[in-house]
Amino acid sequence: MSDPKWTVGKSTPLTRPRGTRDLLPSEMRQRRFVESRFRDIAELWGYCEVATPAFEPLELFTLKSGEAIVDELYSFTDKGGRSLALRPELTAPVARLYVNELQATPKPIKLYYFGDCFRYERPQSGRYRQFWQFGIELIGSSLPEADAEVIALAQRMLASVGLDANIHVGSLDVLRAIFCDVDYETSALAMRLIDKGDFDRLAELPGGGRAIDLIKAKDPLNEAQNIVALDHLLCVLELLDTLSVSYTVDFSIARGLEYYTGIVFEAYSCALGAQNQVLGGGSYRLAHLFGGEDVPSTGFGIGFDRVLDAVNLQVPEVPRLLVVPTNDARIYALHVANELRSRLKTDIDVMGRTVRAQLAYANSAGFDYAVIIGKNEMQTSKLTLRNLRSGEQELLDVKQIINRVLNNV
RNA sequence: GCCGAGGUGGGGUAGCCUGGUAAUCCUAUGGCCCUGUGGAGGCCACGACGCGGGUUCGAAUCUCGCCCUCGGCCCCA
């Protein structure tokens with residue numbers, strides 16, 4: 001036993017990696033609540049859940065986003081010499097899944113996902129190196145109906161957890177029309193400046209003034225119509241009106257990405273700091289990059305962690321029971337606990353505590369009821385149900401306890 | 001990668017400027033007082049100076065480097 005690994009005593013505590021979090025019970029309760037809301041809505045709208053691997057070929061992400069993103073990826077070479085990366089987002093993996101598995105499935109294909117992603121960036125408020133995204137992709141339609149459905153779904157999901165964020169809707173067609181005669185580097189820079197709202201620098205670029213006029217216009221739609229036909233966008237907006245989705249037309253959404261094809265949208269929360277975007281999406285084409293038939297898609301990703309930072313939730317709690325036996329009733333109490341567990345959240349002492357200490361524990365741990373079992377209860381086959389809030393107690397059998405606790409009858 | 005503020009038991013803190021007692025207090029946790037009735041109280045236990053170097057007789061305190069956290073910049077697929 002001289003191996004230091006086996007010595008008992010303190011050593012330097014291991015800590016979690018930078019930018020990661022331990023999620024404690026109270027947080028997990030909130031997260032599961034939000035997740036189930038999102039999941040329920042996606043299912044109600046006819047979307048099906050998919051899951052993809054936590055790591056993918058590095059190329060999947062460089063094809064989509066360019067070599068520069070390697071700096072911000074957790075990438076590695078496996079023992080077979082393959083270049084892999086932990087996924088930094090889920091749109092590309094889902095597009096890859098579509099190409100590999102679902103190309104022959106009837107369109108439209110409606111998918112949703114919830115998973116953790118990894119980016120090697122400097123952590124700050126609302127930005128972690130492991131974070132969660134909830135998203136949906138609608139594959140197979142380029143019609144306004146598809147864009148409107150996805151935006152409406154985004155709005156419903158956020159609203160379902162009390163985030164009535166106004167969705168900003170824009171179109172890349174307009175910006176691209178403005179910069180169509182400008183060289184690639186300059187237009188890419190312009191897109192970035194638009195995204196940042198850096199109008200001073202934007203004004204110095206060719207086309208910049210026009211873009212600023214558009215973004216700042218009182219009636220941006222009218223302004224945009226002088227630049228390019230807006231049939232598609234106008235149709236999407238009309239459908240959103242029909243679906244009772246409130247939105248703001250905002251041509252400053254650039255989302256910098258080349259694969260977006262037209263409609264783009266984002267949502268923000270004023271409850272957050274610098275990282276205030278909770279949702280982003282748009283219509284795009286990726287499948288052909290990954291070796292599939294070209295297919296139009298629309299989708300969005302929700303920054304799950306940011307949603308949780310932005311909302312203040314009261315998660316409904318179910319009543320908790322503690323079965324409290326005297327020493328000679330412990331075996332009998334185990335049977336009782338098992339029966340109660342058919343319907344109720346039930347704990348039983350594993351610390352060898354006295355009745356008094358068990359009740360003290362029940363109190364400090366926030367239990368709602370104690371089911372006290374001793375000689376008397378074993379003889380009468382009734383149990384003492386004690387309401388720990390009111391202090392009232394009564395003799396009931398298991399069925400009656402379940403009814404009392406669930407329905408208060 | 002850059003700027004700023006921080007880091008003392010599980011949580012919250014005093015001490016730091018002005019180096020010197022066994023590092024303060026609250027809380028949480030486990031036990032006992034009390035093996036059939038909780039919330040109070042008393043007693044006991046547990047447990048910390050982020051890491052490493054330097055200065056010094058002596059460092060939580062001064063100093064340097066690093067790590068980490070928070071706010072922001074950059075970036076944001």
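Naming convention: chains lettered A, B, ... in sequence-line order (proteins, then strands); numbering from 1 in each chain. Predicted model only: the values in this text are computed from it and were never measured.
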**Message:** So, applying side-chain hydrogen bond (donor to acceptor under 3.5 Å, both in side chains) with Y259(A), which one of H288(A), K64(A), R285(A) is it?
**Reply:**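 Of the listed options, the one satisfying the test is K64(A).
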**Message:** Main chain of V182(A), side chain of T186(A): is a donor-acceptor contact present, judged purely on distance under 3.5 Å?
**Reply:**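 Absent.
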**Message:** Under a 3.5 Å distance rule, please check whether S65(A) uses its side chain to pair with a backbone N or O of T62(A) as donor and acceptor.
**Reply:**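 Between the backbone of T62(A) and the side chain of S65(A) there is no qualifying donor-acceptor contact (under 3.5 Å).
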Figure out the [atom1]/[atom2] separation between [X] and [N], and round it to whole Å.
| X | N | atom1 | atom2 | value |
| --- | --- | --- | --- | --- |
| Y120(A) | G1(B) | OH | C1' | 11 Å |
| R201(A) | C73(B) | CZ | C1' | 14 Å |
| R330(A) | U35(B) | CZ | C1' | 9 Å |
| Q124(A) | C2(B) | CD | P | 15 Å |
| L24(A) | G11(B) | CG | P | 11 Å |
| R129(A) | U69(B) | CZ | C1' | 13 Å |
| R306(A) | C76(B) | CZ | P | 13 Å |

Euclidean distance for [atom1], [N] against [M] (whole angstrom):
| N | M | atom1 | result |
| --- | --- | --- | --- |
| A5(B) | A23(B) | P | 31 Å |
| C57(B) | A14(B) | C1' | 27 Å |
| U13(B) | C25(B) | C1' | 7 Å |
| A22(B) | G47(B) | C1' | 16 Å |
| G15(B) | C2(B) | P | 33 Å |
| G52(B) | G7(B) | C1' | 16 Å |
| A45(B) | A28(B) | C1' | 14 Å |
| G54(B) | U8(B) | C1' | 22 Å |

Choose from [options] the nucleotide whose nearest atom is closest to any side-chain atom of [X].
| X | options | answer |
| --- | --- | --- |
| R122(A) | C73(B), U37(B), A77(B) | C73(B) |
| Q275(A) | C76(B), A77(B), G38(B) | C76(B) |
| S65(A) | A77(B), G38(B), G36(B) | A77(B) |
| V355(A) | A77(B), G71(B), U37(B) | U37(B) |

Hey, is the side chain of [X] poking within less than 4.0 Å of OP1 or OP2 on [N], counting only N and O atoms?
| X | N | result |
| --- | --- | --- |
| K196(A) | C76(B) | no |
| S125(A) | G71(B) | yes |
| R386(A) | U37(B) | no |
| R353(A) | G31(B) | yes |

Report which part of the nucleic acid [X] touches: base, sugar-phosphate, or nothing (heavy-atom distance under 4.0 Å, all strands).
| X | answer |
| --- | --- |
| E72(A) | base |
| A360(A) | sugar-phosphate |
| G19(A) | sugar-phosphate |
| G66(A) | nothing |
| T354(A) | sugar-phosphate |
| Q277(A) | nothing |
| E377(A) | base |
| N376(A) | base |

**Request:** Please tell me which of D328(A) and L272(A) maps to the more 5' nucleotide of RNA chain B, matching each residue to the nucleotide holding its nearest heavy atom.
**Result:**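 The residue whose closest nucleotide sits nearer the 5' end is D328(A).
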**Prompt:** Between L73(A) and M378(A), which is nearer to the 5' end of RNA chain B once each is assigned its nearest nucleotide?
**Reply:**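 The 5'-side residue here is M378(A).
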Suppose we call a contact any N or O donor and acceptor under 3.5 Å apart; does that hold for the side chain of [X] and the base of [N]?
| X | N | value |
| --- | --- | --- |
| R127(A) | C75(B) | yes |
| E89(A) | C76(B) | no |
| R18(A) | C68(B) | no |
| R356(A) | G39(B) | no |

**Request:** Ignoring hydrogens and angles, state whether a donor on the side chain of N408(A) or R404(A) is under 3.5 Å from an acceptor on the partner side chain.
**Result:**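 No.
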**Item:** Distance flag, aromatic centroids of F114(A) and F304(A), threshold under 6.0 Å
**Value:**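 Ring centres of F114(A) and F304(A) closer than 6.0 Å.
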Who does [N] pair with, Watson-Crick or G-U, both distances under 3.5 Å?
| N | value |
| --- | --- |
| G41(B) | C33(B) |
| C68(B) | G6(B) |
| C73(B) | G1(B) |
| A60(B) | none |

**Contact summary for I194(A) and A254(A), nearest pair of heavy atoms** =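 Closest pair (atom of I194(A), atom of A254(A), distance): CG2-CB, 4.4 Å.
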**Asked** Do E56(A) and R96(A) sit within salt-bridge range, that is, some charged N less than 4.0 Å from a carboxylate O?
**Response**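 R96(A) and E56(A): salt-bridged.
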**Request:** Write out all pairs satisfying side-chain hydrogen bond (donor to acceptor under 3.5 Å, both in side chains) with one or both partners inside residues 105-122 of chain A, taking only residues at least two apart or from two chains.
**Result:**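 Listed by first then second residue: E43(A)-Y112(A), R87(A)-D116(A), Y98(A)-K107(A), K110(A)-E149(A), Y113(A)-E137(A), D116(A)-Q130(A).
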**Prompt:** Checking R320(A) against F367(A): charged group under 6.0 Å from the ring centre and within 45 degrees of the axis?
**Reply:**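 Checked: cation-pi criterion met.
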